[in-house]
Amino acid sequence: MKNISYLFALVAICLCFVQCETNKIGQNGTHKGHEYVDLGLSVKWATCNVGATTPEGFGDYFSWGETETKTMYDWSTYKHAKDYNQLTKYCHNKEYGFNGFVDNKFELDPEDDAATANWGGNWRMPTADELDDLRYSCIWTWTTQNGVPGLLGTSRVEGYTDRTIFFPAAGYYFENQLEFNTALGDGLYWSKSAYDDAKYPYCASALVFREEDSVLYATFGLLNLRNEGLSVRAVCP
């Protein structure tokens, strides 16, 4: 009987050890009902866009600093400005602030974060630095997933190299038109970081990629007009 008890205890310890080792290596999980992938980076990345239910789903489109979708993505409907040179929030150049307004805010407040507002919990939009970390920590391949073209990233981080993340080429909204060229698969994803150049306070940093003539190029940390409607991919701790 003692031998049997000892055997069960040994098996339990081994299972615990295996489980701990498994958890240490990058694993998928969920937070507030939304799945993430652990690529071995400083944050975990959602496996689908805000507003989507599958990795290849386009999801919703948001102006930077807004938390709801809309039918017109221009300066007249933008929440934080009266025009591109009349910003009312997130402005670091008085020449572009409404009546000289400046608040020197370079990252979105939680109430203006589309990921936080729509998914809750610890979900938020990534910073520009986190987008750069994602860029350099993955191997990127242009591919098609369930008929949807996009960018597939495979982690370079030791112990996490079996982990991947897919970004569909979902296009973006300019005014009331979805700008998407089927021959040039555009993907544009907001960060929570304002563009820090004083010349462009009306822009924010974004992940931008395109497949052209079967050759992939991907640029992270580009600037886009804040009124445009881009996709959002959330992160959590």
Nearest heavy atoms of [X] and [Y], plus distance in Å:
X	Y	answer
Ala169	Trp142	CB-CH2, 3.9 Å
Trp123	Ala234	CE3-CB, 3.5 Å
Ser63	Asn227	OG-O, 2.7 Å
Leu134	Trp140	O-CZ2, 3.6 Å
Leu178	Ala170	CD1-O, 3.9 Å
Ser205	Ala128	CB-CB, 4.0 Å

Connected via hydrophobic side-chain network under 4.5 Å: [X] and [Y]:
X	Y	value
Phe106	Leu225	no
Phe166	Val37	no
Leu152	Leu131	no
Val235	Val157	yes

Any non-hydrogen side-chain atom of [X] less than 4.5 Å from a side-chain atom of [Y]?
X	Y	result
Thr154	Thr141	no
Cys138	Leu39	yes
Ser191	Glu130	no
Asn85	Trp75	no
Arg156	Ile139	yes

Practice prompt. Just jot down the side chain to side chain donor-acceptor pair (under 3.5 Å) partners of Asn49, sequence neighbours excluded, or say none.
Written response: Tyr189, Arg233

Item to complete: Kindly state each residue pair satisfying salt bridge (charged side-chain N to carboxylate O under 4.0 Å, His left out) with at least one member in residues 98-108, sequence neighbours excluded.
Response: Lys105-Asp109

Worksheet item: Which pairs with one or both residues in residues 45-67 pass salt bridge (charged side-chain N to carboxylate O under 4.0 Å, His left out), sequence neighbours excluded?
Response: Glu66-Lys70

Worksheet item: Just how far is it from atom CG of Leu87 to atom CZ of Phe98, taken to the nearest 0.5 Å?
Response: 11.5 Å

Discussion item. Is it the case that the side chain of Thr88 and the backbone of His80 share a donor-acceptor pair, with hydrogens and angles ignored and the cut-off at 3.5 Å?
Written reply: yes

Discussion item. Keeping Asn93 on the side-chain end and Ala198 on the backbone end, is there a donor-acceptor pair under 3.5 Å?
Written reply: yes

Worksheet item: Hey, would you say the Tyr36 and His34 ring centroids sit under 6.0 Å apart?
Response: no

Practice prompt. Please lay out, stage by stage, how Ser155 and Thr164 fare under the test side-chain contact (heavy atoms from CB on, under 4.5 Å).
Written response: CA-CA 6 Å; Ser155 178; Thr164 62; over 6 Å; no

Worksheet item: If you measure from the Lys or Arg side-chain nitrogens to the Asp or Glu carboxylate oxygens, is any gap between Lys79 and Asp112 under 4.0 Å?
Response: yes

Item to complete: Kindly write out the residues that satisfy ring-ring contact (aromatic ring centres under 6.0 Å, His included) with Tyr96, not counting sequence neighbours, or none if the list is empty.
Response: Tyr202

Response to the item:
Across all chains, not counting sequence neighbours, the ring-ring contact (aromatic ring centres under 6.0 Å, His included) partners of Tyr200 are none

Discussion item. Pairing donors with acceptors under 3.5 angstrom, does anything connect the side chains of Thr127 and Asp129?
Written reply: no

Discussion item. I'd like to check the side-chain contact (heavy atoms from CB on, under 4.5 Å) partners of Ala204; sequence neighbours left out, ordered by chain and number.
Written reply: Trp64, Trp190, Arg226

